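Following: one structure in structure tokens, then a few remarks.
Remember, predicted model here, so these are calculated numbers, not experimental data.
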Amino acid sequence: MPIYSDKHIIASIHDFKTNISKYIRMLERGDYRAVQVCRYNDVVGVFITHNSQKLFEAREKERQEALKRGDDMKVIIDNAQRKKED
């Protein structure tokens, strides 16, 4: 079972292999910075996409600006989904 933190995902090798496409999509959207791959609770690798760091930082900045304007989380999520569809 993967663990989703604010900035990254922690997944077992088996889970990572099973869901690699899902993780790539999440990184490409900027939802997370990286996936930490573990075996027996020890990190054996870190998976990142070419632009995941930049995308995550841009999305995080957008979230912070929306919160400063007073937008609620539903508005922030709706805006993110709308941009994804464009």
Across all chains, not counting sequence neighbours, the salt bridge (Lys or Arg N to Asp or Glu O under 4.0 Å) partners of Glu60 are Arg63

Got a sec, which pairs hit side chain to side chain donor-acceptor pair (under 3.5 Å) with one end in residues 30-47, sequence neighbours left out? Arg29-Asp31, Asp31-Arg59

Without placing hydrogens or testing angles, list every side-chain donor-acceptor pair under 3.5 Å for residues 15-26, not counting sequence neighbours.
{"from": "Asp15", "atom 1": "OD1", "to": "Asn19", "atom 2": "ND2", "distance (Å)": "2.8"}
{"from": "Asp15", "atom 1": "OD2", "to": "Tyr23", "atom 2": "OH", "distance (Å)": "2.3"}
{"from": "Thr18", "atom 1": "OG1", "to": "His14", "atom 2": "O", "distance (Å)": "2.8"}
{"from": "Asn19", "atom 1": "ND2", "to": "Asp15", "atom 2": "O", "distance (Å)": "3.3"}
{"from": "Lys22", "atom 1": "NZ", "to": "Tyr4", "atom 2": "OH", "distance (Å)": "3.2"}

Taking all atoms of both residues into account, what is the closest heavy-atom pair of Glu28 and Leu55, and its distance? O-CD1, 2.9 Å

Side-chain heavy atoms of Leu27 within contact of Val35, under 4.5 Å: yes

Could you work out the complete set of other residues in the hydrophobic cluster of Ile10, with links drawn between I, L, V, M, F, W and Y side chains under 4.5 Å apart? Ile3

Tell me whether Ile9 is reachable from Val44 by hopping between hydrophobic residues (I, L, V, M, F, W, Y) whose side-chain heavy atoms are closer than 4.5 Å. yes

What pairs with Ser5 under side chain to side chain donor-acceptor pair (under 3.5 Å), at least two apart in sequence or on another chain? His8

